[in-house]
Amino acid sequence: MDSPRLAVITDEVSQSLWEAADFARENGMTGLELRSINGRGPFEWTQAEINAVDAVQKAYGLEICCLALPFYKCGVADEDAVQSHRRGLKRALELAKRWRTPVVRGFAFWKGSGSWDQALERYAAVVPLLQDAGITLALETEPAVMTTNAGLLGRFLEELNVPEVMALWDPGNLPFDPEGERPYPEGYERLKGRVAHVHLKDAIGQGADARAVCLGTGVVDFPGQLAALQKDGYRGYLSLETHYRRGEALTEEEMRLPGGYQFSKGGRAASQECMDALKKWL
């Protein structure tokens, strides 16, 4: 396939932006996706972290392709949490404009925390913020949230029906869904045409028994998936988010709310192994 635009989620390599940028440059990447920096998540970044992003972007010429927010990873009926996340989104959109970042990430609330209709209402309420900023919010499937698989996420996006909210497609998340939806082609077909951003990870097992593994050693048909993205005219980034570590696996809590120094431990070596596999397909 033609060379796509590649990025890495920074804390899958290191809590240091400089180390993550080194990794990106060494592997021919043109983008960085930001999550936790110096042990702080996107809603907690200080001015020092913001200045560091400015400096790294200037020094390396890398695009900030996405802000991997934990937006609406909270209870849909928890009014205090919802308002806190909305404040976090407003600040993140200002940063996205500062860095010319086209996409920020979101989720469809913790599973079992409230009603589907209320989740739709919560998202409809933030659409004007996205319109004013000119930025897309991409929702990701996740076993801990209401949209555990591509079928449910496709339904959520269809019912919301606004161009500012699209899908973040991560085929490697589907093995963690107990319903057993196959990532490609079934899962992808349910979101095709609505994909604004792509994460790359692989896994084996199913549901509670699933675990992240090196790209190419799990159940995701990456050659088929990558070819389909190209055929369908996807022009966004492919962002490496391994969740795989060579030694001790990430804990359930680290998978649910990734970030911080312990999460990044061993990440660079594992990400390099995954990147080497990805290069064979590209």
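If you read the sequence from its start, that first residue is 1, and numbering goes on from there.
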Counting only heavy atoms not in [X] (residues, nucleotides, ligands), do more than 12 fall under 6.0 Å from its [atom1]?
X      : atom1 : result
Arg194 : CZ    : yes
Gln47  : CD    : yes
Arg100 : CZ    : no

Separation of [Y] [atom2] from [X] [atom1] (nearest 0.5 Å):
X      : Y      : atom1 : atom2 : answer
Asn173 : Asp202 : CG    : CG    : 11.5 Å
Trp99  : Leu62  : CH2   : CG    : 13.5 Å
Asp22  : Arg25  : CG    : CZ    : 6.0 Å
Gln118 : Ser113 : CD    : OG    : 8.0 Å
Leu153 : Glu158 : CG    : CD    : 9.5 Å
Arg268 : Ser16  : CZ    : OG    : 9.5 Å

Would you say [X]'s side chain and [Y]'s backbone share a donor-acceptor pair under 3.5 angstrom?
X      : Y      : answer
Tyr188 : Trp169 : no
Ser271 : Gly267 : yes
Arg105 : Ala68  : yes
Ser264 : Tyr261 : no
Glu181 : Ala150 : yes

Non-hydrogen side-chain atoms of [X] and [Y] separated by less than 4.5 Å:
X      : Y      : value
Asp177 : Thr141 : no
Gln206 : Pro178 : no
Val104 : Leu89  : yes
Met275 : Leu240 : yes
Leu282 : Lys279 : no
His197 : Glu33  : yes
Leu34  : Val53  : yes
Asp11  : Ile37  : no

Original post:
Under the side-chain hydrogen bond (donor to acceptor under 3.5 Å, both in side chains) criterion, do Tyr237 and Glu63 qualify, and how do the steps go?
Top reply: CA-CA 10 Å; Tyr237 267 88; Glu63 293 185 80; 2.8 Å; yes
Measure across [X] and [Y] and return the closest heavy-atom pair with its distance rounded to 0.1 Å.
X      : Y      : result
Pro258 : Lys73  : CD-NZ, 4.3 Å
Pro102 : Cys65  : CD-O, 3.5 Å
Leu174 : Gly187 : CD1-CA, 4.2 Å
Leu278 : Leu200 : CD2-CD1, 3.7 Å
Ala108 : Leu139 : CB-CD2, 4.4 Å
Val165 : Leu157 : O-CD2, 3.7 Å

Original post:
For Lys97, what residues pass the side chain to side chain donor-acceptor pair (under 3.5 Å) criterion, not counting sequence neighbours?
Top reply: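 Residues passing side chain to side chain donor-acceptor pair (under 3.5 Å) with Lys97: Glu94.
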**OP:** Mind telling me whether Phe71 and His85 have parallel, tilted or perpendicular rings, with 30° and 60° as the class edges?
**Re:**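 Ring orientation, 0 to 90° scale: tilted.
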Subject >> Parallel, tilted or perpendicular: ring planes of Tyr60 versus Trp18, cut at 30 and 60 degrees >> reply: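 Answer is tilted, since the angle falls between 30° and 60°.
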Find out if a path of hydrophobic residues (ILVMFWY) with successive side-chain heavy-atom gaps under 4.5 Å connects [X] to [Y].
X      : Y      : answer
Leu229 : Met166 : no
Val13  : Trp45  : yes
Leu191 : Leu238 : yes
Val56  : Phe23  : yes

Looking at [X] and [Y], does any basic side-chain N land under 4.0 Å from a carboxylate oxygen?
X      : Y      : value
Glu273 : Arg245 : no
Arg256 : Glu142 : no
Asp221 : Arg182 : no

Subject >> Residues that Phe222 engages under ring pair (Phe, Tyr, Trp, His ring centres under 6.0 Å), provided they are two or more places apart >> reply: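 Phe222 satisfies ring pair (Phe, Tyr, Trp, His ring centres under 6.0 Å) with Trp281 only.
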Original post:
Can the positive tip of Arg155 be found less than 6.0 Å from the middle of the six-membered ring of Trp116, inside 45° of the ring normal?
Top reply: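 Yes, Arg155 lies over the aromatic ring of Trp116.
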**OP:** Measure from NZ or CZ of Arg87 to the centre of the six-membered ring of Phe43 and say whether it is under 6.0 Å with the direction within 45° of the ring axis.
**Re:**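 Verdict for Phe43: no cation-pi partner in Arg87.
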Original post:
With ILVMFWY side chains joined below 4.5 Å, transitively, what does Leu257's cluster contain besides itself?
Top reply: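 The other cluster members (ILVMFWY side chains, heavy atoms under 4.5 Å, direct or chained) are Phe107, Trp110, Val145.
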Original post:
Passes side-chain hydrogen bond (donor to acceptor under 3.5 Å, both in side chains), Asn38 versus Glu49? Steps please.
Top reply: CA-CA 8 Å; Asn38 298 337; Glu49 276 82 62; 3.1 Å; yes
Original post:
Pick one: which of His243, Glu12, Glu241 meets side-chain hydrogen bond (donor to acceptor under 3.5 Å, both in side chains) with Lys201?
Top reply: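 Running side-chain hydrogen bond (donor to acceptor under 3.5 Å, both in side chains) over His243, Glu12, Glu241 with Lys201 returns exactly one hit, Glu241.
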